Amino acid sequence: MGNLISIAGQTFASRPQLDIPNLSGKVAIVTGANTGVGWETAKALLEHNAKVYVAARNPEKAQKAIEDLKTATGKQALFLKLDLADLKSVKAAGEEFNSKETELHILFNNGGVMMCPVDSLTVDGYDLQFGTNVLGHFYFTKLVTPALLAGAKTSSDGTARVVNTSSWMHLITELDFNTFKDTPARKAAGTSQLYSQSKLGNVVFSNEFARRYGDKGIVSSSLNPGNVRTDLQRHVPPVTAFVFRLICYKPSEGALSQLYAGTSVEGKNLNGKYLIPFARLGTPHACTQDPKLGKDLWTWLEEQVANV
């Protein structure tokens with residue numbers, strides 16, 4: 001999809017034209033859709049006639065985003081209150097969605113936090129980055145899995161899609177289970193390491209979900225959207241943010257790979273795959289291919305939400 005270009009020593013594809021099919025009758029959820037890549041993803045879905053839920057924490061920001069989406073597309077998105085850093089909020093969001101819809105065709109696990117202060121924790125006492133980016137998304141996905149299974153049965157290609165937003169930074173770390181909660185090891189790791197770990201967790205979860213549900217019609221993929229100019233970088237040190245922005249894409253470009261995974265005809269073949277800009281197969285961290293690590297992480301995640 002597009003010609004290859006080199007930016008700051010990295011090779012990417014130039015922005016392609018993405019052929020999104022008519023999504024009439026499809027129900028989609030985009031977490032973190034109130035801004036950035038999530039907003040652009042929701043916009044594209046609405047433009048192609050999907051029913052879109054904007055899943056976000058802040059009602060005021062979400063409603064503003066929905067108004068802006070209506071202005072841009074003429075279509076009405078729906079608000080789903082979801083705070084990924086609060087497991088009871090995640091449970092409530094899953095229950096609310098399931099009370100309104102019996103089928104879900106596309107889930108974009110797009111929301112997240114990046115390099116927030118190292119002392120930051122979720123409501124339930126987990127590292128804020130791992131708790132939000134991985135545990136919150138795991139639990140929400142678990143809650144709407146019955147709707148995904150139902151959506152796969154009625155889709156013309158027999159699939160429902162789960163698209164998990166990771167980062168190239170997942171390549172530079174390992175999973176340390178001792179840092180998922182508030183421990184001395186977590187604080188010693190530092191915020192950049194904790195962010196990288198959460199993005200690795202996204203890929204490990206995505207691949208384990210693919211192993212467990214691929215034969216049931218759910219296609220689970222993960223991706224690096226590229227460096228994108230969004231609010232996600234609000235906690236990044238100024239010098240780092242400046243360097244990022246030299247090679248940053250626009251949010252609309254950052255949305256391309258996940259829209260490809262979530263909507264394209266070719267996307268049905270991406271179960272367990274990892275994409276890089278733009279909509280190309282990439283090579284994730286080697287550990288993400290380890291079924292034992294996937295099982296161990298899944299078991300840990302299940303244990304955390306068992307009594308919510």
Side-chain angles (χ1 to χ4, degrees), residues 1-21 23 28-48 50 52 54-56 58 61-62 64-75 77 106 108-115 133 163-170 195 199 202 221-264 266-267 274-282:
M1 294 183 66
N3 299 319
L4 296 182
I5 56 175
S6 180
I7 302 177
Q10 300 184 69
T11 301
F12 300 109
S14 59
R15 176 174 176 166
Q17 288 297 117
L18 181 60
D19 184 18
I20 299 176
L23 300 173
I29 300 174
V30 186
T31 71
N34 58 299
T35 188
V37 172
W39 189 91
E40 292 289 349
T41 300
K43 176 175 177 284
L45 296 171
L46 289 167
E47 288 173 338
H48 292 83
V52 179
V54 169
N58 186 298
K61 291 182 179 179
K64 175 62 166 60
I66 288 171
E67 291 171 7
D68 291 343
L69 287 167
K70 180 68 176 293
T71 299
T73 69
K75 308 289 178 60
I106 318 170
F108 290 95
N109 285 326
N110 164 85
V113 293
M114 178 181 185
M115 296 188 193
N133 299 349
V163 184
N164 302 286
T165 303
S166 180
S167 164
W168 68 267
M169 289 182 69
H170 91 276
Y195 175 72
K199 295 291 97 180
N202 290 144
S221 60
S222 58
L223 61 98
N224 162 27
N227 292 328
V228 185
R229 296 186 292 272
T230 71
D231 291 342
L232 186 65
Q233 297 155 4
R234 61 188 178 276
H235 295 300
V236 174
V239 173
T240 304
F242 175 75
V243 174
F244 273 0
R245 289 176 183 275
L246 290 177
I247 55 173
C248 272
Y249 302 126
K250 296 182 292 185
S252 59
E253 295 172 318
L256 286 171
S257 294
Q258 59 191 45
L259 284 165
Y260 176 76
T263 69
S264 72
E266 296 83 358
Y274 170 76
L275 298 177
I276 58 176
F278 289 108
R280 296 182 296 137
L281 288 177

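Keep in mind that this is a model prediction, so the values were computed, not measured.
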Please report the C-alpha distance between Ile276 and Leu223 in whole Å, then the side-chain angles of each, then the deciding distance to 0.1 Å, and finally whether the side-chain contact (heavy atoms from CB on, under 4.5 Å) criterion is met. CA-CA 6 Å; Ile276 58 176; Leu223 61 98; over 6 Å; no
If you apply the rule side-chain contact (heavy atoms from CB on, under 4.5 Å), what do you find for Ile20 with Tyr260, and how did you get there? CA-CA 8 Å; Ile20 299 176; Tyr260 176 76; over 6 Å; no
Step by step, work out the side-chain contact (heavy atoms from CB on, under 4.5 Å) result for Ile106 and Ile29. CA-CA 6 Å; Ile106 318 170; Ile29 300 174; over 6 Å; no
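Heavy-atom minimum distance, Ala42 versus Val52: CB-CG1, 4.0 Å. The minimum heavy-atom distance between Ala33 and Val30, with the atom names listed, is CB-O, 3.3 Å. The two residues Tyr195 and Ser167 come nearest to each other via the heavy atoms OH-CB, 3.9 Å. Closest of all the heavy-atom pairs between Val54 and Ala62 is CG1-CB, 4.5 Å. Residues Asn133 and Gly111 share a closest heavy-atom pair of OD1-O, 4.4 Å. For the residue pair Ala261 and Ser221, the shortest heavy atom distance occurs at CB-OG, 3.6 Å.
Lys75 places a side-chain N or O within 3.5 Å of a backbone atom of Leu46 that can act as its donor or acceptor partner. Lys199 places a side-chain N or O within donor-acceptor distance of the main-chain N or O of Thr165, the cut-off being under 3.5 Å. In terms of modelled atom types and a separation under 3.5 Å, the side chain of Trp39 and the main chain of Ala65 share a donor-acceptor contact. Side-chain atoms of Asp19 do not come within 3.5 Å of backbone N or O of Ser264 as any donor-acceptor pair. Put simply, the side chain of Thr31 gets close to the backbone of Asn110: a donor and an acceptor are under 3.5 Å apart. Remark: side-chain polar atoms of Gln258 are not paired, donor with acceptor, to backbone N or O of Ala255 under 3.5 angstrom.
For Tyr274, the ring pair (Phe, Tyr, Trp, His ring centres under 6.0 Å) partners are His170, not counting sequence neighbours.
Once rounded to the nearest 0.5 Å, the distance linking CD of Glu40 with CG of Leu45 reads 11.0 Å.
In summary, the side chains of Asn164 and Asn109 do present a donor paired with an acceptor at a separation below 3.5 Å, with no hydrogens or angles considered.
Looking only at side-chain heavy atoms (C-beta outward), Leu275 and Asn224 stay at 4.5 Å or farther from each other. When side chains are defined from C-beta on, Lys43 counts as touching Thr73, because their heavy atoms get closer than 4.5 Å.
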